[in-house]
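If you're wondering where the values come from, they're calculated on a predicted model, not measured in any experiment.
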Amino acid sequence: MLNDKKRLVVLVAVMLVLCGVLFWMFSKPATYPSQDTGQKVADEFLKAIQSGQAADAWQSTTAEFKSAEGREAFLAFVKKHAFLTKPLEFTSSQLVDVQDQQRSEFVYRVPENKTTIRLVIGREAGTWKVDRIAVH
């Protein structure tokens, strides 16, 4: 009888640990947004630049973006790449690895040439934001 109680206690403890592990695995926040959500974030960022609100676009980015690309540096970047202030064509999205995590990257193209703009979306404080920008 005592052995049966010990087995039951051990079995319940193992089941609780397994349930905790499963809950943790499935409750981790996603490292990338859905296609629609991510593209909306990228589009809004670009629309702010296109409407002459590059400082607001910068303000809407992640802290990591702001740390890597200070406000004045970003404004100079936009000025140097004047095509960012014109309409761009969305071409594709894909998952990319950033620091061992998958993130969504949204690719836009300048209609007049083959220049591409790549925006990586990341989560900060529960909100999706532009985390990186690259022009190729």
K.L.:
Consider only side-chain N and O atoms of N113 and T115, and report whether a donor and an acceptor are under 3.5 Å apart.
P.N.:
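Short answer, yes.
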
K.L.:
I want to check something: taking the side chain as every heavy atom from C-beta on, are T61 and F45 in contact at a cut-off of under 4.5 Å?
P.N.:
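A side-chain contact exists here, since the closest heavy-atom pair is under 4.5 Å.
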
K.L.:
Please examine the side chains of Q39 and F90, heavy atoms only from C-beta on, and report whether any two atoms are closer than 4.5 Å.
P.N.:
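Yes. Closest side-chain heavy atoms under 4.5 Å.
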
K.L.:
At what distance, to the nearest 0.5 angstrom, does CD of E64 lie from CD of Q99?
P.N.:
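CD of Q99 is found 5.0 Å from CD of E64.
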
K.L.:
For the pair E124 (side chain) and A63 (backbone), establish whether a donor and an acceptor sit closer than 3.5 Å, ignoring hydrogens and angles.
P.N.:
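Yes; at least one donor-acceptor contact below 3.5 Å.
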
K.L.:
To the nearest 0.5 Å, what is the distance between CD1 (I133) and CD (E105)?
P.N.:
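Answer rounded to 0.5 Å: 11.5 Å.
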
K.L.:
Have a look at V107 and tell me which of I117, L119, T91 forms a side chain to side chain contact (heavy atoms under 4.5 Å, CB included) with it.
P.N.:
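With V107 as partner, I117, L119, T91 yield a single side chain to side chain contact (heavy atoms under 4.5 Å, CB included), made by T91.
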
K.L.:
Where do A57 and F74 come nearest, in terms of heavy atoms and distance?
P.N.:
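Looking at all heavy atoms of both residues, the shortest contact is CB-CE2, 4.4 Å.
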
K.L.:
Check whether V41 and V98 end up in the same hydrophobic cluster, where Ile, Leu, Val, Met, Phe, Trp and Tyr are linked by side-chain heavy atoms less than 4.5 Å apart.
P.N.:
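V41 does not cluster with V98.
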
K.L.:
Look only at the side chain of T31 and the backbone of Q102, and say whether a donor-acceptor pair between them is shorter than 3.5 Å.
P.N.:
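Answer holds: yes.
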
K.L.:
Is there a salt bridge (Lys or Arg N to Asp or Glu O under 4.0 Å) between R132 and E69? Walk through the geometry before answering.
P.N.:
CA-CA 9 Å; R132 296 179 182 205; E69 186 89 28; over 6 Å; no

K.L.:
Within the supplied structure, the quantity of interest is the number of heavy atoms (other residues, nucleotides, ligands) at a distance under 6.0 Å from K79 NZ; does it exceed 12?
P.N.:
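Counting neighbours around NZ of K79, 12 or fewer heavy atoms of other residues, nucleotides or ligands fall under 6.0 Å, so no.
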
